[in-house]
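One-based numbering, in listed order, for ligands and for the atoms of each. For reference, positions follow the sequence shown, starting with 1.
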Amino acid sequence: MKNRKFSVSLLCFALVAFGALRVFAAVTESSTNVPLAIPDNGNVNSTLTFSVNGTISDANLTVNISHTWNDDIELRLSSPSIAAQLLWQDCGGSGDNLTNTVIDQQAAGLSPCTFAGAPFTGSFQPTDGTGAAPAAASGTMTAFNGSDSGGVWTLNVVDDSTICTGTLNAWSLTLDGTPPLPVELMTLEIS
Ligand SMILES: [Ca+2]
Ligand SMILES: [Ca+2]
Ligand SMILES: [Ca+2]
């Protein structure tokens, strides 16, 4: 009886460990393709090679951008298999910088989206439009759910107006997901 109790405890531990191995959570990888100047009234691509392979269940994007007129900035993110998603546009008026700005579909929406909100440190839903009640962006972070995480992701940063300029200083992806292959469960003998 005692042996059986011990074995059942071992089994429970193994199942918990197995469950932990079956998912990856909040894995963050950063682009090494930075800093990059954002051409005035132009655009630039930066890449990030995500090394953990699996099926995405949640994707969050973090950006750090120096810019002297936030309304110029547009952000589009594409994964190895998902076309570019417009996540940020015409937000923040004449305010400066996006500092540790996390684009997270589960976060609250931005309201307002004016210069007073700069440098938008925190987590926000994808947004499109300056004003008291900005519209949702046409793209979503949930578009990446169910697709593969591993490979080259691209962040496209647009500057949509002349005069003021900026720099893409850094960006990263934080992904949750499930590995593609089953993990072998250790052999247990229940007495
Ligand atoms: Ca604009
Ligand atoms: Ca999220
Ligand atoms: Ca500009």
| note | Protein-side N, O or S atoms sitting under 3.0 Å from the Ca ion (ligand 2) are Asp58 OD1, Asp58 OD2, Asn60 OD1, Asp104 OD1, Gln106 OE1
| note | Counting only protein N, O or S atoms and ignoring waters, those under 3.0 Å from the Ca ion (ligand 1) are Asp71 O, Asp71 OD1, Asp90 OD1, Asp160 OD1, Asp160 OD2
| said: I'd like to know if the Ca ion (ligand 3) has an N/O/S atom from His67 within less than 3.0 Å of it, counting both backbone and side-chain atoms. | reply: no
| query | Which pairs pass salt bridge (Lys or Arg N to Asp or Glu O under 4.0 Å) with one or both residues in residues 66-84, sequence neighbours excluded? | reply | Glu74-Arg76
| request: Would you kindly say whether Asn43 and Asn45 are connected by a side-chain donor-acceptor distance under 3.5 Å? | output: no
| Opening angle between OD2 in Asp159 and O in Cys164, taken at the Ca ion (ligand 3), to 10 degrees | 80°
| task | Applying ring pair (Phe, Tyr, Trp, His ring centres under 6.0 Å), name anything that partners Phe144, two or more places apart in sequence or on another chain. | result | Trp153
| said: Do Leu75 and Val157 make a side-chain contact, defined as non-hydrogen atoms from C-beta onward lying under 4.5 Å apart? | reply: yes
| query | Any luck finding a side-chain donor-acceptor pair between Ser31 and Ser46 under 3.5 Å? | reply | yes
| Any chance the side chains of Ser66 and Asn169 put a donor and an acceptor closer than 3.5 Å? | yes
| query | Any donor and acceptor pair, going by atom type alone, linking the side chain of Thr55 with main-chain N or O of Gly177 inside 3.5 Å? | reply | no
| query | Of all N/O/S atoms in Asp40, which lies nearest to the Ca ion (ligand 3)? | reply | OD1
| request: Check the side chains of Ser51 and Glu29 for a donor-acceptor pair under 3.5 angstrom, ignoring hydrogens and angles. | output: yes
| field | Short side-chain to backbone donor-acceptor contact, Asn64 and Asn100, under 3.5 Å | value | yes
